[in-house]
Visitor: 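Handing you this structure, nothing more for now.
Because only heavy atoms are used, hydrogens play no part in the values below, and waters and symmetry mates are left out as well, while side chains stay in. Naming: A, B, ... by sequence-line order, numbering from 1 per chain.
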Amino acid sequence: MSVRVRFAPSPTGSLHLGNALTAVANRRFADERRGVMLLRIDDTDPSRAVTGGEEAILGDLGWLGIGFDDGLFRQSDRGAVYAEAADRALAASAAERDDDGSVRLARDGTTLLRADGTATYQLATVADDLGLGITHVIRGSDHRPNLPLQQRIARALGGELPDVIHHGLILGADGKKLSKRHGHSSIAELRAEGFPPSAIRAYLEELGLPEHDVHLDLSRLRRLAVDAIAAMPDDELAEAAGAPVEVVPALRGARSLVEAHEYAQLISEPEQIALPEEARVTLDRFAELRLPAPEWLSHDEARAIVRELKAVGGDLRALRLALTGAERGPELAAVLAALSRDAALARTA
RNA sequence: GGCCCAUUCGUCUAGUGGCCUAGGACACCGCCCUCUCACGGCGGCGGCACGGGUUCGAAUCCCGUAUGGGCCUCCA
């Protein structure tokens with residue numbers, strides 16, 4: 001029997017990092033077994049729905065490069081399936097109808113169908129895991145207490161719950177439940193902070209299926225961001241940083257995509273700043289070297305100029321300041337290579 | 001409070017009774033490289049939660065305690 005797993009978020013907006021871990025774990029579980037992962041939106045509770053919540057989740061998954069092979073299924077579309085499931089449980093005397101019209105599991109009174117006929121999460125999730133042919137449920141350990149109950153519901157529906165694997169949750173660095181207060185808790189936030197998707201993906205892959213709760217390790221995530229940026233092809237980095245591909249060599253030292261974008265800005269639109277008088281001699285020397293060189297420099301040619309300036313004791317900081325308007329930024333030679341002769345001379349005039 | 005799960009350096013982990021004086025990665029601290037940033041090189045700091053068993057031998061098995069977490073909704 002081929003493996004079939006599902007990722008089943010509630011449409012409450014951008015994915016929480018812990019949910020993303022579940023998605024990645026399911027994706028990997030399926031991939032490693034040439035199985036199928038389907039996407040299901042668990043939206044049985046309309047009061048919890050958030051406008052744009054589903055779109056945000058789809059956007060996050062796409063951004064992270066997590067695809068799905070079947071679905072998307074929405075529980076709000078599947079009322080008939082749950083009603084039929086409830087009937088089956090009723091017929092088998094595994095459930096009973098309450099005075100108010102709701103349907104409850106006979107054994108412990110857990111509500112399966114509300115009085116208005118809509119399914120609760122417990123019924124919907126079990127009916128779907130059975131009905132959609134799920135073979136393995138991989139979810140966060142916050143669901144662990146549900147396991148015995150869901151197994152009972154599965155039997156009440158005449159089936160058997162798939163194998164269930166629980167993984168530890170991602171907590172804040174302080175060991176408390178990850179929340180908005182910590183920052184960096186949702187994919188949207190991490191994205192805005194400039195983390196490349198491949199870094200987040202790598203972090204989640206690294207975590208695997210933690211047996212116990214883990215603390216979010218921002219240092220590790222930052223490191224992975226640096227590695228991910230270093231590994232990005234030029235065109236990809238250019239797009240991710242919103243910069244022209246010519247300046248990409250100058251973006252390599254950036255630690256985040258936000259910083260990469262700032263580096264690009266330094267080159268295209270530097271802030272005007274006043275330079276100290278002592279800088280003049282270095283800038284003049286630079287002009288002498290730059291003038292006879294080609295309109296555009298190769299990185300090697302740019303390095304040769306930097307080396308020459310350095311050899312004569314030039315003030316490279318002043319040159320950096322003149323060219324980018326900042327004391328820190330991309331490698332000098334990369335800046336020179338990204339600037340035309342005219343642009344460079346204008347800034348050092 | 002009840003039930004459940006977990007517990008190896010700051011963090012993530014390797015470790016399934018002898019190979020463990022507990023290995024690695026990231027972080028941190030020095031030094032080197034260096035126009036800043038990032039990368040890289042070298043070195044350092046630092047851990048089996050505690051107490052009892054079992055065993056010739058325990059990070060590894062059992063029990064207890066502690067700590068952390070999860071859940072206790074007609075939420076997911």
Visitor: Please report the distance separating the C1' of A22(B) from the corresponding atom of C29(B), rounded so that it comes out in whole Å.
Guide: 23 Å
Visitor: Give a yes or no on whether a salt bridge exists between D142(A) and R144(A), defined as a side-chain N under 4.0 angstrom from a carboxylate O.
Guide: no
Visitor: Between D69(A) and R27(A) (salt bridge meaning N to carboxylate O under 4.0 Å), is one present in this structure?
Guide: yes
Visitor: Taking atom P of C74(B) as reference, at what distance in whole Å does atom CG of L112(A) sit?
Guide: 11 Å
Visitor: Strictly by Watson-Crick or wobble contacts shorter than 3.5 Å, is anything paired with A66(B), and which nucleotide is it?
Guide: U7(B)
Visitor: P atom, C20(B) versus G24(B): distance in rounded Å?
Guide: 12 Å
Visitor: Output the rounded distance in Å from CD (Q122(A)) to C1' (C71(B)).
Guide: 11 Å
Visitor: Tell me if the side-chain of R48(A) makes a donor-acceptor pair with the base of C75(B), cut-off 3.5 Å, by modelled atom types.
Guide: yes
Visitor: Take atom C1' in C12(B) and the same atom in G1(B), then report the distance between them in whole Å.
Guide: 34 Å
Visitor: Using Watson-Crick or G-U wobble geometry with both distances below 3.5 Å, tell me the partner of C19(B), or none.
Guide: none
Visitor: For R320(A), give me all partners under salt bridge (charged side-chain N to carboxylate O under 4.0 Å, His left out), at least two apart in sequence or on another chain.
Guide: none
Visitor: Restricting to salt bridge (charged side-chain N to carboxylate O under 4.0 Å, His left out), what partner residues turn up for E193(A), sequence neighbours left out?
Guide: none
Visitor: Which pairs, with at least one residue in residues 77-87 of chain A and sequence neighbours excluded, count as a salt bridge (charged side-chain N to carboxylate O under 4.0 Å, His left out)?
Guide: R74(A)-D77(A), R78(A)-D128(A), E84(A)-R88(A)
Visitor: Any base atoms under 4.0 Å from R104(A), or only sugar-phosphate, or nothing? Heavy atoms, all strands.
Guide: base
Visitor: Roughly how many Å apart are G64(B) and G2(B), using the P atom of each and rounding to a whole number?
Guide: 15 Å
Visitor: Strictly by ring pair (Phe, Tyr, Trp, His ring centres under 6.0 Å), give each pair with a member in residues 263-321 of chain A just once, sequence neighbours left out.
Guide: none
Visitor: Round to a whole Å and report the spacing from CD1 of I200(A) to C1' of C26(B).
Guide: 17 Å
Visitor: Sticking with atom C1', work out how far C4(B) lies from G44(B), rounded to a whole angstrom.
Guide: 43 Å
Visitor: Pairs in or reaching into residues 200-216 of chain A: which pass salt bridge (charged side-chain N to carboxylate O under 4.0 Å, His left out), with residues at least two apart or in two chains?
Guide: R28(A)-E205(A), R201(A)-E205(A), E206(A)-R220(A)
Visitor: Check every strand shown and say whether N146(A) touches a base, only sugar-phosphate, or nothing at a heavy-atom separation below 4.0 Å.
Guide: base
Visitor: Only counting residues at least two apart or in another chain, list the ones meeting salt bridge (charged side-chain N to carboxylate O under 4.0 Å, His left out) with E277(A).
Guide: none
Visitor: Give the rounded distance in Å between these two atoms: CZ of R139(A) and P of C4(B).
Guide: 18 Å
Visitor: Are the charged groups of E160(A) and R155(A) less than 4.0 angstrom apart, N to O?
Guide: yes
Visitor: Indicate yes or no for a side-chain donor-acceptor contact from S198(A) to the backbone of A228(A) under 3.5 Å, with no hydrogens or angles considered.
Guide: no
Visitor: Using the C1' atom as the point on both nucleotides, what is the distance between C56(B) and G51(B), in whole Å?
Guide: 23 Å
Visitor: Just grab all the ring pair (Phe, Tyr, Trp, His ring centres under 6.0 Å) pairs involving residues 15-50 of chain A, residues at least two apart or on different chains.
Guide: F29(A)-H136(A)
Visitor: With both distances under 3.5 Å as the test, what is the Watson-Crick or G-U wobble partner of C37(B)?
Guide: none
Visitor: How is D100(A) classified with respect to the nucleic acid when contacts are heavy atoms under 4.0 Å: base, sugar-phosphate, or nothing?
Guide: base
Visitor: So what does L169(A) touch, heavy atoms closer than 4.0 Å: a base, only the sugar-phosphate, or nothing?
Guide: sugar-phosphate
Visitor: Rounded off to whole Å, could you give me the CZ-to-P distance for the R144(A) and A6(B) pair?
Guide: 6 Å
Visitor: If pairing requires Watson-Crick or G-U wobble contacts with both distances under 3.5 Å, which nucleotide is the partner of G30(B)?
Guide: C42(B)
Visitor: Under a 3.5 Å cut-off for both contacts, is G2(B) paired Watson-Crick or G-U wobble with anything, and if yes, with which nucleotide?
Guide: C71(B)
Visitor: Please report the distance, rounded to the nearest Å, between CD in E211(A) and C1' in C5(B).
Guide: 10 Å
Visitor: Nearest-Å distance, NE2 (H167(A)) to P (G69(B))?
Guide: 17 Å
Visitor: Taking atom P in both U16(B) and G23(B), compute the distance separating them and give it to the nearest angstrom.
Guide: 15 Å
Visitor: Taking only residues at least two apart or on different chains, which pairs with a member in residues 318-349 of chain A satisfy ring pair (Phe, Tyr, Trp, His ring centres under 6.0 Å)?
Guide: none
Visitor: Take atom P in A25(B) and the same atom in U65(B), then report the distance between them in whole Å.
Guide: 39 Å
Visitor: Go nucleotide by nucleotide along RNA chain B from the 5' end; which of L209(A) and R220(A) gets its closest nucleotide reached first?
Guide: L209(A)
Visitor: Going by an N to O cut-off under 4.0 Å, is there a salt bridge joining R48(A) and D43(A)?
Guide: no
Visitor: Reckon H166(A) touches a base, only the sugar-phosphate, or nothing at all at heavy-atom distances under 4.0 Å?
Guide: nothing
Visitor: Give me, pair by pair, the N or O atoms of the protein and of nucleotides 8-12 of chain B that are less than 3.5 Å apart, along with how far apart they are.
Guide:
{"from": "U11(B)", "atom 1": "O2'", "to": "D217(A)", "atom 2": "OD2", "distance (Å)": "3.1"}
{"from": "C12(B)", "atom 1": "OP1", "to": "H215(A)", "atom 2": "N", "distance (Å)": "2.8"}

Visitor: What does the B/S/- profile of nucleotides 30-44 of chain B look like, 5' to 3', with a 4.0 Å heavy-atom cutoff to protein?
Guide: ----SBBBSSS----
Visitor: Might you list the N or O atoms of the protein lying below 3.5 Å from N or O atoms in nucleotides 61-67 of chain B, with each pair's distance?
Guide:
none

Visitor: I need the CG-C1' distance between D142(A) and C71(B), as an integer number of Å.
Guide: 9 Å
Visitor: Distance check: side-chain N/O of T44(A) vs OP1/OP2 of A76(B), anything under 4.0 Å?
Guide: yes
Visitor: Residues in salt bridge (charged side-chain N to carboxylate O under 4.0 Å, His left out) with R139(A), at least two apart?
Guide: none
